[in-house]
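Take a look at the structure set out below.
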Amino acid sequence: MRAAVYARYSTDKQSESSVDDQRRLCESRAPAGTTIVGFHADEGVSGSVPLARRPGGAALLADVLAKRIDLLLVESLDRLSRDQVDLESSVRRIEHAGVRVIGVSDGYDSAAGGRKVLRTMRGLIGELYLDDLREKTHRGLVGKVTAGKAVAGPAYGYRLVREASGSHYVVDPDQAKVVQEIFARYAAGAGLQSIVFDLNARHVPSPRGSTWAVSALYGAPNKGSGILNNTMYVGRTVWNRSQFVKDPDTGKRRRIDRPREEWIEAEAPELRIVDGATWEKVRARIDNRRPKGGAVVRTLFGGLLRCPHCHGPMIAIDRRAYGCAARMNRGPAVCRGLTLRRTDVDGSLLAMLQLMMEREDFAADFQRELRAQLAEDDSERARVADRLRVLDRQIDRLVDAVADNGMSAALADRLKTAEAERAALRQQQAAAPAAVDVAAVWRGVKERLRDMLSNGDPRELRAGIAELLGPVLLRVDPATGQTWGDVIVRGLTAGTAKRRPGDPVPALPVTSVAGAGFEPATFGL
């Protein structure tokens with residue numbers, strides 16, 4: 001029997017040797033006749049993270065779906081997940097694939113009766129453990145904050161001093177001067193971009209050690225983020241403004257604001273960096289400039305274009321032009337940038353896509369890639385059919401052996417394993433897709449894209465383009481000043497129109513080179 005071991009330890013100060021200890025325990029308690037063929041682990045990963053979203057967990061599920069194992073050994077079910085819903089769905093998926101699951105410490109065995117009751121109880125216990133741990137952790141943090149101790153990394157302008165009684169913040173003199181400069185210049189009327197551009201030109205270290213951005217200063221006033229909104233600079237600490245809640249559908253954490261009455265605020269005059277008058281001037285200016293919910297500028301290619309100088313994204317800098325995001329938000333000291341008219345770029349790239357749809361070599365590339373994928377599927381179907389023939393002969397011989405010699409534990413185990421594998425393969429064979437008409441798929445893709453380009457909703461068109469195109473790396477010819485774009489079309493490479501600002505859109509010299517990964521699913525078919 002082929003078996004895999006899965007181990008996990010979380011971020012709650014467990015030793016890194018924990019996964020090795022779990023592996024040794026599982027291997028020592030593996031059933032007789034078991035061969036360990038795989039080991040997967042996730043180190044420093046919470047049990048609240050869905051199994052499929054962990055590197056080791058994803059590799060384990062790949063082994064399960066590929067029929068590479070017959071048995072999964074874990075220390076206990078909470079190593080798989082501490083989320084009751086995720087545990088139930090994961091174990092069901094694994095067992096449905098014909099893989100037996102054994103928890104060597106908690107007594108779970110998917111081959112035993114009453115496993116569903118035990119699985120439900122273990123899942124509930126694991127989830128309650130996380131809830132209890134979360135509540136105790138929060139209570140401990142509240143106690144530290146109330147006692148004036150630090151519970152998070154320091155904001156820009158401060159250092160963290162660690163002592164036996166707990167950590168606390170102290171003012172960093174060098175960073176405090178930068179904070180005072182930012183507040184003074186903004187209070188005097190300087191623009192956010194001019195402040196950021198100057199800081200980067202002087203190579204002043206930023207909070208994250210890279211370069212300054214407008215967002216580092218302005219942040220989100222309603223959330224208290226950004227240097228200009230941090231009340232600690234006037235000697236007032238605020239904690240517990242928000243919390244993170246996991247979305248049950250995506251597994252991603254989402255920040256939500258807590259009610260004002262749950263905030264924990266305290267005066268800390270020793271942390272004051274900015275005087276009250278300057279703070280009030282800044283607050284008045286920010287309150288007056290907050291956006292009132294104007295129209296969002298939507299683009300077809302914003303974020304897909306890449307600046308020729310820094311290779312960063314190019315976005316809509318206004319309603320008429322694309323420009324380098326780094327140049328706009330960080331200044332010429334970071335990137336000299338590039339500006340292109342949106343009408344020119346949109347027209348060139350859309351025309352290129354329409355032209356490529358009509359080219360015979362593009363169609364041939366698409367169909368060749370699709371046939372290659374189908375050939376892999378055909379190879380897998382042939383492998384399944386061959387394996388089924390082998391299993392049929394093996395099961396016949398085992399049945400004959402039972403008839404001649406009687407049933408033994410070894411024969412029963414081998415027969416049960418072979419029949420389970422045959423049932424799984426027959427199910428896989430029955431679910432295999434029908435034959436695909438490659439030419440018909442291409443016609444559908446072509447028609448779908450043509451409709452999107454000519455009549456599609458702008459938001460739908462944007463989504464389709466984002467899936468169809470990879471990054472469009474722009475480059476400038478130093479001799480002529482003309483701009484080119486190297487376009488990746490799901491593995492196919494082409495050139496866009498070359499142009500100078502103000503020139504009409506020229507004819508499109510397009511070349512393509514076959515690549516891998518072109519899938520009809522790109523077009524939502």
Side-chain angles (χ1 to χ4, degrees), residues 1-10 18-19 21-23 25-31 34-43 45-131 133 246-252 413 416-417 419-421 423-428 431:
M1 181 180 295
R2 302 165 301 167
V5 174
Y6 177 76
R8 178 190 63 80
Y9 77 86
S10 63
S18 175
V19 293
D21 296 339
Q22 293 175 46
R23 180 177 187 173
L25 177 63
C26 291
E27 291 178 347
S28 66
R29 298 189 183 180
T34 297
T35 301
I36 305 297
V37 297
F39 173 66
H40 303 290
D42 288 297
E43 302 179 32
V45 179
S46 170
S48 63
V49 177
L51 180 65
R53 293 182 181 273
R54 309 174 207 156
L60 167 65
L61 293 177
D63 276 356
V64 170
L65 296 176
K67 309 296 182 182
R68 287 191 283 264
I69 61 173
D70 311 300
L71 172 65
L72 171 61
L73 298 169
V74 293
E75 180 189 37
S76 57
L77 289 183
D78 59 16
R79 297 302 89 194
L80 288 174
S81 183
R82 285 191 182 275
D83 180 277
Q84 190 171 12
V85 174
D86 181 53
L87 176 64
E88 181 67 22
S89 62
S90 297
V91 174
R92 283 194 181 194
R93 182 187 307 174
I94 294 169
E95 292 181 353
H96 178 72
V99 177
R100 180 182 177 187
V101 181
I102 294 180
V104 298
S105 293
D106 60 9
Y108 182 81
D109 188 342
S110 58
R115 70 183 189 282
K116 292 185 177 180
V117 175
L118 179 58
R119 187 168 71 225
T120 300
M121 293 302 299
R122 297 301 303 181
L124 179 60
I125 291 172
E127 192 159 319
L128 290 176
Y129 168 82
L130 283 184
D131 291 342
L133 178 64
K246 187 176 71 172
D247 188 314
D249 295 323
T250 65
K252 296 181 178 179
D413 187 56
K416 180 180 179 181
T417 301
E419 288 179 335
E421 184 180 357
L425 289 176
R426 283 178 175 175
Q427 185 178 15
Q428 180 180 345

Lys NZ or Arg CZ of Arg23 over Phe39 ring: under 6.0 Å, within 45°:
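Yes, Arg23 lies over the aromatic ring of Phe39.
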Measure the [atom1]-[atom2] distance between [X] and [Y] for me, rounded to the nearest 0.5 Å.
{"X": "Ile69", "Y": "Arg100", "atom1": "CD1", "atom2": "CZ", "value": "13.0 Å"}
{"X": "Arg122", "Y": "Arg82", "atom1": "CZ", "atom2": "CZ", "value": "8.5 Å"}
{"X": "Glu75", "Y": "Ser18", "atom1": "CD", "atom2": "OG", "value": "6.5 Å"}
{"X": "Leu51", "Y": "Leu87", "atom1": "CG", "atom2": "CG", "value": "9.0 Å"}
{"X": "Ile102", "Y": "Asp109", "atom1": "CD1", "atom2": "CG", "value": "4.5 Å"}
{"X": "Ile125", "Y": "Asp78", "atom1": "CD1", "atom2": "CG", "value": "9.0 Å"}

Can you tell me which residue among Arg119, Arg93, Lys116 is in a side-chain hydrogen bond (donor to acceptor under 3.5 Å, both in side chains) with Glu88?
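Among the candidates, only Arg119 passes.
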Kindly say whether [Y] contributes a backbone atom to a donor-acceptor pair with the side chain of [X] at under 3.5 angstrom?
{"X": "Asp70", "Y": "Arg2", "result": "yes"}
{"X": "Ser89", "Y": "Asp86", "result": "yes"}
{"X": "Arg8", "Y": "Asp42", "result": "no"}

Using the side-chain contact (heavy atoms from CB on, under 4.5 Å) rule, pick out the option among Asp63, Val101, Leu72 that qualifies with Tyr6.
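That would be Leu72; it is the only one of Asp63, Val101, Leu72 passing the side-chain contact (heavy atoms from CB on, under 4.5 Å) with Tyr6.
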Would Leu80 and Ser90 count as a side chain to side chain contact (heavy atoms under 4.5 Å, CB included) if you check the C-alpha gap in whole Å, the side-chain angles of each, and the deciding distance to 0.1 Å?
CA-CA 8 Å; Leu80 288 174; Ser90 297; 5.9 Å; no
Apply side chain to side chain contact (heavy atoms under 4.5 Å, CB included) to Arg54 and Ser81, showing your working.
CA-CA 11 Å; Arg54 309 174 207 156; Ser81 183; 4.0 Å; yes
Ignoring hydrogens, what is the shortest heavy-atom contact between [X] and [Y]? Give both atom names and the distance.
{"X": "Glu95", "Y": "Ser110", "result": "OE2-CB, 2.7 Å"}
{"X": "Ala424", "Y": "Ala97", "result": "CB-O, 4.4 Å"}
{"X": "Ala52", "Y": "Ala58", "result": "O-CB, 3.7 Å"}

Between Val19 and Glu43, is any pair of side-chain heavy atoms under 4.5 Å apart?
yes
Test side chain to side chain contact (heavy atoms under 4.5 Å, CB included) on Val49 and Asp83; report intermediate values, then the result.
CA-CA 8 Å; Val49 177; Asp83 180 277; over 6 Å; no
